[in-house]
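Comments concern the structure below.
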Amino acid sequence: MRDLAYDGTLIWGPVTSEGIYGINLRGEVQFELEAPVRSPSSIAWDPDNDYLWTCGTTTEIVSFDTDGNVYDEYNSQGL
């Protein structure tokens, strides 16, 4: 796991090359989502929209909700 985000209830982290997990403060997995990008390495919580944002080293930046619905995609333009 390279990064973590906290939404006020759960800690979110990209754990596998295709999975993002939401765990409670006792370390129990509450959500397991398919990542909207390949090999996610970064994650952030957007409290204004109740979205998670994620990206991989060479992927676009994507926002999605805790049901896995994708909302926005931004090309990282090779950054």
Side-chain angles (χ1 to χ4, degrees):
M1 190 177 307
R2 297 180 184 171
D3 200 9
L4 295 172
Y6 182 61
D7 69 6
T9 304
L10 299 175
I11 300 168
W12 295 90
V15 178
T16 66
S17 64
E18 297 178 0
I20 294 175
Y21 292 85
I23 60 172
N24 64 23
L25 298 179
R26 291 184 303 274
E28 301 163 336
V29 175
Q30 302 297 302
F31 286 94
E32 182 178 348
L33 304 173
E34 184 177 326
V37 298
R38 188 181 78 248
S39 299
S41 58
S42 299
I43 194 164
W45 175 251
D46 179 348
D48 293 335
N49 296 304
D50 290 335
Y51 295 161
L52 287 160
W53 289 86
T54 192
C55 67
T57 305
T58 59
T59 67
E60 61 278 349
I61 302 164
V62 177
S63 70
F64 61 102
D65 64 18
T66 57
D67 291 324
N69 301 309
V70 173
Y71 290 96
D72 294 309
E73 268 185 46
Y74 296 98
N75 188 323
S76 65
Q77 300 176 359
L79 295 176

Taking side chain as C-beta onward, heavy atoms only, is Arg2 less than 4.5 Å from Ile43? no
Side chains of Trp53 and Val62: does their closest heavy-atom pair fall under 4.5 Å? no
Is it true that a side-chain atom of Thr54 and a backbone atom of Ser42 form a donor plus acceptor pair closer than 3.5 Å? yes
Using atom types as modelled and distance alone, determine if a side-chain donor or acceptor of Asp67 lies under 3.5 Å from a backbone N or O of Asn69. no
Looking only at the aromatic ring of each residue, does the gap between the centers of Trp45 and Tyr51 stay below 6.0 angstrom? no
Between Tyr71 and Phe64, does the ring centroid distance fall short of 6.0 Å? no
To the nearest 0.5 angstrom, please state how far the [atom1] atom of [X] sits from the [atom2] atom of [Y].
X: Asp72; Y: Asn49; atom1: CG; atom2: CG; result: 8.0 Å
X: Gln30; Y: Asn24; atom1: CD; atom2: CG; result: 4.5 Å
X: Asn75; Y: Cys55; atom1: CG; atom2: SG; result: 11.5 Å
X: Ser63; Y: Leu52; atom1: OG; atom2: CG; result: 9.5 Å
X: Thr66; Y: Leu33; atom1: OG1; atom2: CG; result: 7.0 Å

Go through the steps for Val37 and Glu60 under the test side chain to side chain contact (heavy atoms under 4.5 Å, CB included), then give the verdict. CA-CA 7 Å; Val37 298; Glu60 61 278 349; 3.7 Å; yes
For a quick test of reading the model, state the closest non-hydrogen atom pair linking Arg38 to Thr58 and the distance between them. NH2-OG1, 3.7 Å
Which atom of Pro40 lies closest to which atom of Pro14, heavy atoms considered: O-CB, 3.5 Å
May I ask you to check whether over 12 heavy atoms, not counting those of Glu34, lie within 6.0 Å of atom CD? no
Test side chain to side chain contact (heavy atoms under 4.5 Å, CB included) on Leu4 and Trp12; report intermediate values, then the result. CA-CA 6 Å; Leu4 295 172; Trp12 295 90; over 6 Å; no
Under the side chain to side chain contact (heavy atoms under 4.5 Å, CB included) criterion, do Leu25 and Ile11 qualify, and how do the steps go? CA-CA 7 Å; Leu25 298 179; Ile11 300 168; 3.8 Å; yes
